[in-house]
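First the structure, in the form of structure tokens, and then the observations on it.
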Amino acid sequence: MWYIVFSIFTITLTIFLIDKRKINALIPAYFLSSTVGYTLDMIFDVTLKYYYYVEAPIPNGILSFLMETLIGPPFGMIFIQYLPKNRKSYILYLIVWTLLLTVIEAIFHIKGLLIYNRWNYLFSIITYVFTLTALTVQNKYLS
């Protein structure tokens, strides 16, 4: 149930925060976020069992796909929407987004919806920095 509620919240937030006139620039961010997130979930969740999602009426692989379609990518679109131009602002922006995404993950973890086996918050932080940096590079390349 929490996954559905958070998915609806994320999609609603995205609808209000993105500029529809820039949707063509934001679609690649959506697809890259989805691809990176789903690939990492397939490796670390489904294959290596570093973590897993619970309280879901559907198998973990399908849940990973839905999470990486409805939750992660909209945040990637919002991240790109407000990307600062100068380097100093970008570094602060990257830190704030990494902390935000880690806090969201921590809420899922604390609520018992995400169980860590061999995963930890440091791995998540590294993953978020990598993904957000990849989104930035993609956006600069496509702009």
Side-chain angles (χ1 to χ4, degrees), residues 1-20 22-23 25-56 58-143:
M1 180 65 178
W2 284 102
Y3 302 111
I4 295 169
V5 169
F6 197 69
S7 294
I8 292 169
F9 169 77
T10 304
I11 292 167
T12 304
L13 185 68
T14 304
I15 289 169
F16 287 109
L17 291 179
I18 66 168
D19 183 351
K20 279 56 165 191
K22 296 181 180 179
I23 196 73
L26 300 175
I27 296 286
Y30 177 90
F31 284 116
L32 182 61
S33 296
S34 184
T35 302
V36 169
Y38 187 66
T39 301
L40 293 174
D41 271 358
M42 288 299 98
I43 294 168
F44 293 109
D45 172 14
V46 176
T47 305
L48 298 176
K49 307 289 188 213
Y50 273 46
Y51 58 86
Y52 61 94
Y53 303 103
V54 295
E55 290 189 23
I58 54 178
N60 248 5
I62 296 170
L63 180 61
S64 291
F65 175 76
L66 293 174
M67 299 253 320
E68 300 307 340
T69 303
L70 301 175
I71 295 178
F75 281 116
M77 293 172 74
I78 296 168
F79 175 81
I80 291 299
Q81 170 75 40
Y82 298 100
L83 200 61
K85 298 292 182 200
N86 71 50
R87 183 175 292 253
K88 188 182 277 188
S89 296
Y90 172 75
I91 291 170
L92 179 61
Y93 188 70
L94 181 67
I95 291 168
V96 168
W97 268 92
T98 301
L99 291 174
L100 172 70
L101 295 172
T102 304
V103 166
I104 291 169
E105 181 176 317
I107 292 168
F108 274 80
H109 184 234
I110 290 166
K111 292 290 253 173
L113 301 170
L114 177 62
I115 305 299
Y116 292 159
N117 288 328
R118 294 176 284 180
W119 194 259
N120 60 54
Y121 292 117
L122 179 61
F123 293 162
S124 295
I125 289 169
I126 292 167
T127 301
Y128 293 134
V129 169
F130 167 77
T131 304
L132 295 172
T133 303
L135 286 171
T136 303
V137 170
Q138 177 193 43
N139 185 63
K140 288 194 185 298
Y141 176 75
L142 295 176
S143 296

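When the options W119, Y38, Y52 are evaluated for a ring pair (Phe, Tyr, Trp, His ring centres under 6.0 Å) with F44, the one that passes is W119. Tested against T98, the residues L101, V96, T102, L100 include a single side chain to side chain contact (heavy atoms under 4.5 Å, CB included) partner, T102.
Inter-residue side-chain proximity for K20 and I15 is flagged as met; some heavy-atom pair is nearer than 4.5 Å.
For OH of Y121, the number of neighbouring non-hydrogen atoms (other residues, nucleotides, ligands) closer than 6.0 Å is greater than 12. In the displayed structure, R87 atom CZ is contacted under 6.0 Å by at most 12 heavy atoms of other residues, nucleotides or ligands. Heavy atoms from other residues, nucleotides or ligands lying under 6.0 Å from NZ of K140 number 12 at most.
Between the CG atom in L32 and the CD atom in Q138 there is a gap of 4.5 Å [rounded to 0.5 Å]. Taken to the nearest 0.5 Å, the CG atom of N120 stands 8.0 Å off from the CD1 atom of I126. Atom CG of L99 sits about 9.5 Å away from atom CG of L94, to the nearest 0.5 Å. Rounding to the nearest 0.5 Å places CE of M77 at 11.0 Å from CG of D19. Atom-to-atom distance recorded for L40:CG and L48:CG is 11.0 Å, nearest 0.5 angstrom. Note that OG1 of T127 and CZ of F123 are 9.0 Å apart. Values are rounded to the nearest 0.5 Å.
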Start with the C-alpha gap between L92 and K88, add the side-chain angles, then the distance that decides, and say whether side chain to side chain contact (heavy atoms under 4.5 Å, CB included) holds. CA-CA 7 Å; L92 179 61; K88 188 182 277 188; over 6 Å; no
Check step by step if side chain to side chain donor-acceptor pair (under 3.5 Å) holds for T136 and N139. CA-CA 5 Å; T136 303; N139 185 63; over 6 Å; no
I would like to know whether Y30 and L26 meet side chain to side chain contact (heavy atoms under 4.5 Å, CB included); could you show each step before the answer? CA-CA 6 Å; Y30 177 90; L26 300 175; over 6 Å; no
Could you walk me through whether S124 and Y51 satisfy the side chain to side chain contact (heavy atoms under 4.5 Å, CB included) test, starting with their C-alpha distance in whole Å, then the side-chain angles of each, then the deciding distance to 0.1 Å, before giving a yes or no? CA-CA 11 Å; S124 295; Y51 58 86; over 6 Å; no
Given the rule in the side chain to side chain contact (heavy atoms under 4.5 Å, CB included) test, do D41 and V46 qualify, once you have shown the distances and angles that lead to the verdict? CA-CA 7 Å; D41 271 358; V46 176; 5.9 Å; no
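Considering every non-hydrogen atom in both A29 and G76, the closest pair reads CB-O, 4.0 Å. Residues P74 and T14 approach most closely at CB-OG1, 2.9 Å, considering heavy atoms. Here the closest heavy-atom approach between residue H109 and residue I115 is recorded as CD2-CA, 4.5 Å.
In this structure, T47 contributes its side chain and M42 its backbone to a donor-acceptor pair below 3.5 Å. In terms of modelled atom types and a separation under 3.5 Å, the side chain of N117 and the main chain of K49 share a donor-acceptor contact.
For L13, the side-chain contact (heavy atoms from CB on, under 4.5 Å) criterion is met by F9, L17, F75, I78, not counting sequence neighbours. Evaluation of the side-chain hydrogen bond (donor to acceptor under 3.5 Å, both in side chains) rule for Y128 yields E105 as partners, not counting sequence neighbours. For Y93, the side-chain contact (heavy atoms from CB on, under 4.5 Å) criterion is met by F79, Y82, L83, P84, W97, not counting sequence neighbours.
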